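To start, the structure itself, in structure tokens.
These numbers come from a predicted model, not from an experiment. Residue numbers begin at 1 in each chain, while the letters A, B, ... track the order of the sequences.
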Amino acid sequence: MEYNFREIEKKWQQQWRESHAYEVTNDSTKPKFYVLDMFPYPSGAGLHVGHPLGYISSDIYARFKRLKGYNVLHPMGFDSFGLPAEQYAIETGQHPAVTTENNIKRYREQLDNIGFCYDWSREVRTSDPKYYKWTQWIFLQLFDSWYNRKMQKAERIAQLVARFRQEGNANHECPGDKKLNFIAEEWKGFDEARQQEILMDYRLAFSAFGEVNWCEALGTVLANDEVVNGVSERGGHPVVKKKMRQWYLRITEYADRLLQGLEQVDFSDAMKEMQRNWIGKSQGAEIRFKVAAGNDLTPNPSPKERGTKEENSTDVKDNIPPGYMTNTFEQWKATADFAKANRKNSTEAESLLWQEIRNRKLQGYKFRRQHPVAGYIPNFICIEKRLIVEIDGGYHSEEEQQKFDVSRTKWLEEHDYRIIRFTNDEVTNNIEEVLQKLEKALSSNEGLGKLTAPSPLERGQGGEVITVYTTRPDTIFGVDFMVLAPEHELVASITTAEQKSEVEKYLEYVKSRSERERLAEVKSITGAFTGAYAINPFNGREIPIWISEYVLAGYGTGAIMAVPCGDQRDYAFAKHFNIPITNIIGDAYNGEEANATKDAILQNSDFINGMVMRDAIDLVIDKLEEIGIGKRQINYRMRDAGFSRQRYWGEPFPIVYKGGVAYALEETDLPVELPYVDTYSAGPEGEGPLANLADWIIASGGTRETNTMPGYAGSSWYFLRYMDPYNEREFVDRKAADYWGQVDLYIGGTEHAVGHLLYSRMWTKALYDLGYISFDEPYKKLVNQGMITAFSFFVERIELVDLLSGNADFFSESEYVPFENKIFFCSFGEFDRLPVPYEDKQTGKLYERGRFLNYHRLKDVSHIVETGEGDYRISKKNLEAYIKDKGVEFVGFEITDVIVDEAVEEYVSVRPEIEKMSKSKGNVQNPDFIVEKYGADTFRMYEMFLGPVEQSKPWDTKGIEGVHRFLRKLWRLFVDEVKGAIVNHDPATDAELKVLHKTIKKIEEDTERFSFNTAVSAFMVCVNELNDLKCHKKEILEPLVILITPYAPHIAEELWNIMHNDGSVLDAVFPKLDEKYLIESAKEYPVSINGKVRTNINISLDAAQPEVEQIVLANDVVQKWLNGQGPKKIIFVKGRMINVVI
RNA sequence: GCCCGGGUGGCGGAAUUGGUAGACGCAGCAGACUCAAAAUCUGCCAUUCGCAAGGAUGUGCUGGUUCGAUUCCAGUCCCGGGCACCA
């Protein structure tokens, strides 16, 4: 009886299916274990050998845990909404539902062939209305929620509305509109549309107009990670910025928790780092710079904006300083003396409260006493919290004084100060209550975090204030110029008449920058001077304000303070435009490049001179806050997640617009089923195909949202649905969710590091906040399978151009005319052998040079031949055929002659590159062929044997024979070709038991730590040794069969059956390790002389140092090396080694 | 540029805590069985000197710590991945 894997595997797969061997219940007394694979998108290409790598790993682990007595949830499903199916529909006219169904069928077949232990009764498909009903439902929960920053959790919109009615929004800054400020009365006065508009700015799922990556060719908006080098990742189509109404998830509100959550989960450091980078938290400061007065400011601020300043008003109110400076220096001086006197003459109540404030150190906040603010001296002030404390003495009760108090309060409040007033009596009689009120005021953030654009009144002499964000406030004295993003709103108003034309020219240039030019990666330094100057608030120095595209409008404040001696880009800019550079770091700056160190000693830096930069950062921020021109600020790089696609094949939004306002549909209206369409072309104005369905759009007294949700919608919560897939009342039963809880082991590729995983983590946190589940991290442990790599091949694409001017080696977009529709394919590295000048026969125009376009991927690797070590070529014939397919007119390319099969053929050399195996790269290998030829068990073990799961490795089928041989060898321990089963019941010897238990130990440890490749080796060693021992004993072989079940389930089940006739090895108990079989009495000690092994001596493991030394010194080899001398030292590590030092 | 990984025979890889580098498999070489092939089995297989015994070198490179380093430290080069005019 031979090892007939085809028959065996088919038999058991059928048997397992019929006996529902892999179905698990939610009711079990066993401990639970949840093993999950990242479910696949069922593409038309089917599985390739890279996919199963993770699936096999998780399958082994799931089976292992089952044998160890766990109730293991190991489900599988399909991420079946998505772009490729729709793209395919557009090309072929087949409905995505049909092609998706077919693809799933094929995937399922392929998965079944490999013998995975999925509980298919729990399968989910994101495109199934029964599933996406709940995706829509969760979306509505997000729509109905906002993030309470105080509580650091999501809450219901109704709670927010209640707060608004009571206290306005003062305690809850609006994340969508930081300037928004209203009180309860105002809220009540807003009409419905305005209220909804405001609520939208708070919702966790919200719609807004935003710049999105619009891809005309795909007719869709792409996520940032779907855009590579300015073109769409799929298809390489151009992408432009476009303002559109979009849905977003306010994931930025969760930035900090997503960051903190990483501490609790077991992800690889690389993965955590990637997520941290993506979130991009940075700490620094916002600093406000006044724009200096200029005689030629253009355009002039309107008289209203300038306020009464022009009238030379003497009113205190109109002479207050800009920004948050609590005072001008002159005013400060004038009031300071008065303040000093006040301090001396303080009232009893003031002294009492001051002492209490100082003693209690209220929440660690620093209070100042009699600190002048804008010509007025409050009793106490906490600058950090912008909180002013006033104790009203006798004279405050006079009518005139009260009037003044009111106007002053108004001014202070307008400028984000809060005033809390106490009476003398309150302080002297009930100090505790006063302090409690103070504590409360401090912990509230009312009036905080509203660093908004300055009101006209705040403006400096030039009328404008520029706010910059910097992570290096310590370099404030090294600021030599400012740079605004070209899109910055102040650009127009600060530009001088003189510079106007230059700035406009530059803005024109920025707009005209084509995608293609950005692609070319010509990083030249560009910019324009606005003519305006900003004033360094610390030393009054005037610094020029420039605009440049290297400053991004979307990050920070869209403006930077440039420190050329410390930042390389600033340095390059300064050099390019001849801006003098101030050195604040002494020797650390060599005059030739910037030095971004934080460890240099500061020079030329006023009050921080002599300090280490690192230490100066906090000091400068404190000072900024103290004088009110800036504040500590944390920034995140992460943006809110775009959540709508102008596509058909996705979840429709359960949203209806009435009068331009978005309303949620009722839960009873769910699911909003995706209607049938005949055509998949885009709707009007770039809307999705659903916009074409006039009938469908009308619903519930309004019009439906016609966008659909993106791919990550369904995958953000699928792990929950597996727990309770048939539930029609809830997305998941709370009891089931509590039982299964977090995914204990999640396996998938790194490519989902920042997309799927972050969104999924956010949804989980939101569902947790809203009380639907009991955990806020979805995945406890994440293992990233490495990629299976394969060769891809590229040719160079060259276009011919006619140069308008010069002999530039590098030329910009405007300087050449390309030869339309003629593309040269060029041998790798043969760029300069192009046939130029080239004459266009139609126009007679001469094209003088070639311009490298890109490396062009050859999607079909089958015609590529290896002509030498690392040298790959494709024949001219095949390349030509390929190019014709692409509809590009072929012009010509450089040829290298190669002799193949004694015939000279013209070949083009192609550039090889090792890449991840994927359909889009045209380098896939199909697993079906291997399974057919060697069987699923061989395939499983071979993929594991390739190397560590997490490492990427090239696909190579050469080694597969060895694994297959191993399984046959295993088979022959049980079955003789002629005699049939040969398992006997003889008692096992110590040697055999030792082999077995050694293997148990190794397999258990290796499986537990996902070291599957070494586990496979251990099986090989074990089988080799049992073979040498001619062991066919059930006592040994039965445990061995259980051990190998997770790795090779089919052969294990067959062998188990040969020994038992009934039952299944799937439910066996993992053999228990008995250390007693591993104990040795002696060891063949390696003996080194000066660290180099010279001989081995067998010594009892009981032997102690003196005894060992004696034995070692008596040894011939050791004697020879000692050469008559005595040893300096003998190192003896028990059970390990001996080292003799001479 | 920044942040992570990783460099070990002809190849994939092993060495779990600083203790015999190269387990296991592939490929290769020699042999057994066979008319022959397949399958199977046996032996050899880092480089180098040597008939051998034995020696020298050896985990990208340069140093260091240690009785002893693939393992720890410093520097450096290369490869892969991620991020990026991010202030």
message: Tell me whether the rings of Phe577(A) and Trp546(A) are parallel (<30°), tilted (30 to 60°) or perpendicular (>60°).
response: tilted
- prompt: Taking the C1' atom of each, how far is C49(B) from U16(B), in whole Å?
  reply: 37 Å
query: Given the P atoms of C11(B) and G60(B), what is the spacing between them in whole Å?
result: 14 Å
- line: Whole-Å distance, Glu1004(A) CD to U16(B) P, equals 19 Å
- prompt: Asp480(A): what forms a salt bridge (charged side-chain N to carboxylate O under 4.0 Å, His left out) with it, not counting sequence neighbours?
  reply: Arg541(A)
- prompt: Heavy atoms under 4.0 Å, any strand shown: does Lys1002(A) hit a base, just sugar-phosphate, or nothing?
  reply: base
statement: Ranking U16(B), C67(B), G55(B) by distance to the side chain of Arg1094(A), first place goes to G55(B)
message: Under 3.5 Å, is there a donor on one side chain and an acceptor on the other for Tyr550(A) and Asp570(A)?
response: yes
field: Short side-chain N/O contact to G55(B) OP1/OP2 from Trp1121(A), under 4.0 Å
entry: yes
task: Using distance alone, with no hydrogens and no angle criterion, decide if Lys969(A) and Asn1024(A) have a side-chain donor and acceptor under 3.5 Å apart.
output: yes
message: Taking only the P atom of each, what is the distance from G5(B) to G12(B) in whole angstrom?
response: 22 Å
- request: Would you mind pulling out the nucleotide paired to G31(B), Watson-Crick or G-U wobble, both distances under 3.5 Å?
  value: C41(B)
query: Rounded to the Å, how far apart are Arg1009(A) CZ and U17(B) C1'?
result: 13 Å
field: Nucleotide G81(B), atom P - distance to CH2 of Trp278(A) in whole Å
entry: 18 Å
query: Just how far, in rounded Å, is P of G13(B) from CG of Leu946(A)?
result: 8 Å
statement: When both distances are under 3.5 Å in a Watson-Crick or G-U wobble arrangement, the nucleotide paired with C83(B) is G1(B)
G22(B) versus U59(B) - spacing of their C1' atoms, nearest Å: 9 Å
- prompt: Taking atom P in both G18(B) and C29(B), what distance in whole Å separates the two?
  reply: 42 Å
- prompt: Taking the same atom, C1', in A30(B) and in U65(B), what whole-Å distance lies between them?
  reply: 47 Å
message: Considering every strand and a 4.0 Å limit on heavy-atom distances, what is the contact class for Lys1092(A): base, sugar-phosphate, or nothing?
response: sugar-phosphate
task: Taking the six-membered ring for Trp and the single ring otherwise, decide whether the centroids of Phe573(A) and Phe481(A) are under 6.0 Å apart.
output: yes
- request: Could you check which nucleotide pairs with C51(B) in any of the strands shown, counting Watson-Crick or G-U wobble with both distances under 3.5 Å?
  value: none
statement: With syn defined as a glycosidic angle within 90 degrees of 0 and anti as anything else, the base of G9(B) is syn
- request: Check the distance between C67(B)'s P and Ile1142(A)'s CD1 and give it to me in whole angstrom.
  value: 16 Å
Gap between atoms CG and P, on Asn1090(A) and A56(B) respectively (whole Å): 11 Å
field: Rounded distance in Å - CD (Gln951(A)) to C1' (A14(B))
entry: 12 Å
field: A74(B) - base-pair partner by Watson-Crick or wobble geometry, distances under 3.5 Å
entry: U62(B)
field: Whole-angstrom distance between A15(B) and C72(B), as gauged at atom P
entry: 14 Å
query: For A36(B), which nucleotide in any strand shown is its Watson-Crick or wobble partner with both distances under 3.5 Å?
result: none
task: Just say parallel, tilted or perpendicular for the rings of Phe5(A) and His964(A), cut-offs at 30° and 60°.
output: perpendicular
task: For this output row, return yes or no: ring centroids of Phe477(A) and Phe538(A) closer than 6.0 angstrom.
output: yes
Distance-only donor-acceptor check, side chains Glu549(A) and Thr526(A), under 3.5 Å: yes
statement: Between Ser1011(A) and Thr470(A), the residue closer to the 5' end of RNA chain B by nearest nucleotide is Ser1011(A)
message: Over all strands shown, is Val468(A) touching base, sugar-phosphate only, or nothing at heavy-atom distances under 4.0 angstrom?
response: nothing
message: Please confirm whether the shortest side-chain N or O distance from Arg276(A) to OP1 or OP2 of G82(B) is below 4.0 Å.
response: no
- prompt: Quick one: do the Tyr1047(A) and Thr1007(A) side chains pair a donor with an acceptor below 3.5 Å?
  reply: yes
Between N or O atoms, less than 3.5 Å apart, protein on one side and nucleotides 19-28 of chain B on the other: list the pairs.
| unit_1 | atom_1 | unit_2 | atom_2 | d |
| --- | --- | --- | --- | --- |
| A23(B) | N1 | Ser1017(A) | OG | 3.3 |
| G25(B) | OP1 | Asn1024(A) | ND2 | 3.2 |
| C26(B) | OP1 | Arg965(A) | NE | 3.1 |
| C26(B) | OP1 | Arg965(A) | NH2 | 2.6 |

- prompt: Could you give the CZ-to-C1' distance, from Phe573(A) to G1(B), as a whole number of Å?
  reply: 19 Å
field: Closest listed nucleotide, where the reference is the side chain of Glu1005(A) and the choices are C67(B), C86(B), U16(B)
entry: U16(B)
- prompt: If we call it a pair only when both distances are under 3.5 Å in a Watson-Crick or G-U wobble match, what pairs with C67(B)?
  reply: G19(B)
query: Taking the inter-plane angle between the rings of Phe64(A) and Tyr61(A) on a 0 to 90° scale, is it parallel (under 30°), tilted (30 to 60°) or perpendicular (over 60°)?
result: tilted
message: For the P atoms, the ones on C85(B) and on G10(B), what distance do you get once it is rounded to whole angstrom?
response: 43 Å
